[in-house]
Protein chains: 2
Amino acid sequence: MFKKPECDDCLTRTKSCFVHLVNEDLIELNEKKVCNLYKKGQNIFYEASKPTGIFCLNEGKIKITKIGIDGKEHIVRIVMAGDLFGVRALIGGRNYASSSTAIEDSIVCYLNKDTFLKFIIKYPKMAHSLMTFLSHLLEESDYKMGSLALKPVRERLAESLLYLNNKFKPDFDLQNQYTHQINSLSREELANLIGTATETVIRLLSEFKKDKLIAIEGKIIFLLDIPKLKKVANILE
Amino acid sequence: MFKKPECDDCLTRTKSCFVHLVNEDLIELNEKKVCNLYKKGQNIFYEASKPTGIFCLNEGKIKITKIGIDGKEHIVRIVMAGDLFGVRALIGGRNYASSSTAIEDSIVCYLNKDTFLKFIIKYPKMAHSLMTFLSHLLEESDYKMGSLALKPVRERLAESLLYLNNKFKPDFDLQNQYTHQINSLSREELANLIGTATETVIRLLSEFKKDKLIAIEGKIIFLLDIPKLKKVANILE
DNA sequence: AAATATCAATGACAATTATCATATACGAAA
DNA sequence: TTTCGTATATGATAATTGTCATTGATATTT
């Protein structure tokens with residue numbers, strides 16, 4: 001089992017639009033929310049189903065996916081601890097356009113639609129913070145769309161390794177002792193993230209390894225040379 | 001020259017978040033907005049520049065594009081009359097991540113940031129309608145991302161023809177006399193929309209023509225067999 | 001109307017990427 | 001530990017798509 005998180009001292013809440021809630025509303029959030037532990041591989045919501053509330057990831061990692069007609073999967077984005085998910089469908093008044101699945105054991109909090117909407121109406125700042133959140137999701141989606149349209153697989157793979165590393169690394173790493181690594185995604189999931197075949201990812205990773213850009217230990221990928229990876233990814237900065 | 005549109009009787013306003021404004025605010029919107037005619041090919045804003053306000057397309061068509069490092073263009077979306085654009089950057093507090101260019105002679109209205117934000121704060125409904133708008137943009141982007149990742153070029157082309165036809169066709173066509181056609185995009189722009197080479201588009205269009213799915217007259221593409229096009233596009237419904 | 005530039009069309013070829021087959025390594029479960 | 005299933009790895013080959021070159025069509029300018 002797991003310990004149900006308390007909203008009061010929840011670090012992830014302070015990164016989300018719920019940071020604006022105070023007093024009785026914060027208490028209500030804490031009471032009304034339903035938390036669950038999802039084991040790796042378990043599904044949270046399904047594409048085409050109707051949203052009844054909103055999710056917040058307290059701990060773990062979630063993938064948001066679409067399934068093509070032939071059954072192939074595409075990973076639209078990765079949700080990190082502190083992120084809301086399932087927002088778009090609820091706000092947009094549409095069914096889910098994608099599914100969500102835990103890629104690590106994850107603690108997920110759920111708040112029903114009515115309470116959530118009540119809060120949005122009561123707290124204009126919460127609405128604004130949601131607008132900003134949606135804007136950033138859109139920016140990320142448009143960026144990824146551009147990569148898929150303009151870049152060859154090799155560049156997309158390097159780019160996604162850097163993207164994942166940025167997402168996965170801790171917020172604070174003062175001693176700079178974090179070893180840049182990716183271990184929550186299988187090769188197949190990496191392929192599904194960048195829109196290519198599993199074998200192509202494996203082959204390119206072997207090349208990256210030969211070129212000393214990365215090291216591979218089982219399913220863990222260590223990023224050894226980030227500047228060069230950026231060159232391969234065709235990223236300026 | 002052109003006639004500056006009046007917000008009062010502006011049909012496009014009623015489709016946008018500005019529908020909530022009343023009385024003196026509607027008057028202020030009408031006075032503060034700045035309208036311009038952009039000839040086909042003219043640019044409205046540039047990638048990486050800082051937004052100072054928001055745009056509303058009164059008449060015409062706009063493409064939103066990203067440029068790859070090698071100079072290749074990707075069309076992120078098409079803006080139709082009545083749509084706001086430049087919203088994401090302003091709301092998200094970031095620079096533009098894409099450029100906008102008229103693909104037909106277009107009348108564009110502009111409202112400065114301060115007035116716009118003032119309205120959002122004063123009218124909570126406007127904020128909610130913006131949230132919904134952003135949600136729908138995100139849904140479209142994620143959909144297109146999925147197509148780029150999962151579908152071969154042939155399917156994407158059929159899909160985009162149907163998508164454009166839906167966008168371009170008039171809201172009301174009671175006599176059902178509209179001839180489904182696409183004429184605002186060059187072959188190169190079609191290619192940039194679906195992430196492929198111009199020659200590939202031209203070749204596939206020739207095939208579609210041979211299969212009686214479309215007819216071609218110069219740069220105009222007529223959709224002849226929409227059900228079959230849906231099959232080629234691998235769309236269910 | 002002639003000249004020029006731009007766009008569409010098509011062929012030949014090369015590069016990229018996917019698919020299929022198979023071997024090997026790894027991890028979970030008995 | 002052994003076994004079994006799954007993930008990784010690599011080779012061979014085919015399919016898709018991109019690039020370069022050329023021609024023809026169309027539109028725009030002088």
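Numbered from 1 within each chain, the chains take letters A, B, ... in sequence-line order. Scope of the values below: all heavy atoms of this structure, side chains included, with no hydrogens, waters or symmetry mates.
The interatomic distance linking A:Arg154 (CZ) with C:dT17 (P) rounds to 10 Å, in whole Å. In this structure, B:Arg187 places its CZ atom 14 Å from C1' of C:dT6, rounding to the nearest Å. Rounded to an integer number of Å, the gap from CD of A:Glu217 to C1' of C:dG27 is 16 Å. Per the geometry, NZ belonging to A:Lys151 stands 16 Å off P belonging to C:dT16, to the nearest Å. As a whole-Å value, the separation of A:Asn183 CG from D:dT8 C1' is 16 Å. Taking atom CD1 of residue A:Ile214 and atom P of nucleotide D:dT8, one finds them 13 Å apart after rounding to whole Å.
Neither side chain, B:Lys231 nor B:Asn234, offers a donor N or O lying under 3.5 Å from an acceptor on the other. With no hydrogens or angles considered, a side-chain donor-acceptor pair links B:His180 and B:Asn165 at under 3.5 Å. Inspection of the A:Arg94 and B:His136 side chains reveals an N or O donor paired with an N or O acceptor under 3.5 Å. Looking at A:Glu159 and A:Ser147, their side chains do bring a donor and an acceptor atom within 3.5 Å of each other. Judged purely by distance below 3.5 Å, without hydrogens or angles, the side chains of A:Tyr38 and A:Glu104 never pair a donor atom with an acceptor atom.
Between B:Phe55 and B:Tyr110, the ring-plane angle classifies as tilted under the 30° and 60° cut-offs.
Contact annotation for A:Leu190: no contact, since no heavy-atom pair falls under 4.0 Å across all strands. B:Leu205 comes within 4.0 angstrom of no nucleic acid atom, judged by non-hydrogen atoms across all strands. The residue B:Thr198 sits apart from the nucleic acid: no heavy atom pair falls under 4.0 Å.
Looking at A:Ile62, A:Leu185, A:Asp83 one by one, the single match for side-chain contact (heavy atoms from CB on, under 4.5 Å) with A:Ile78 turns out to be A:Leu185.
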Any N/O pairs under 3.5 Å between the protein and nucleotides 11-15 of chain D? List them or say none.
residue: D:dG11; atom: N7; partner: A:Arg203; partner atom: NH1; Å: 2.9
residue: D:dG11; atom: O6; partner: A:Arg203; partner atom: NH2; Å: 3.1

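Between C:dA18 and A:Thr200, a contact under 4.0 Å exists linking OP1 or OP2 to a side-chain N or O. The phosphate of C:dA18 (OP1 or OP2) has a side-chain N or O of A:Thr196 nearer than 4.0 angstrom.
If you find the closest nucleotide of DNA chain C to B:Glu188 and to A:Leu204, the one lying nearer the 5' end belongs to B:Glu188.
Although no hydrogens or angles enter the test, the distance criterion places a donor-acceptor pair under 3.5 Å between the side chain of B:Arg13 and the main chain of B:Cys7.
Between its opening and closing five pairs, the helix from C:dA1-D:dT30 to C:dA30-D:dT1 changes axis direction by 50°, a value rounded to 10 degrees.
A cation-pi contact links A:Lys61 to A:Phe168, judged by a cut-off of 6.0 Å to the six-membered ring centre and 45° from its axis.
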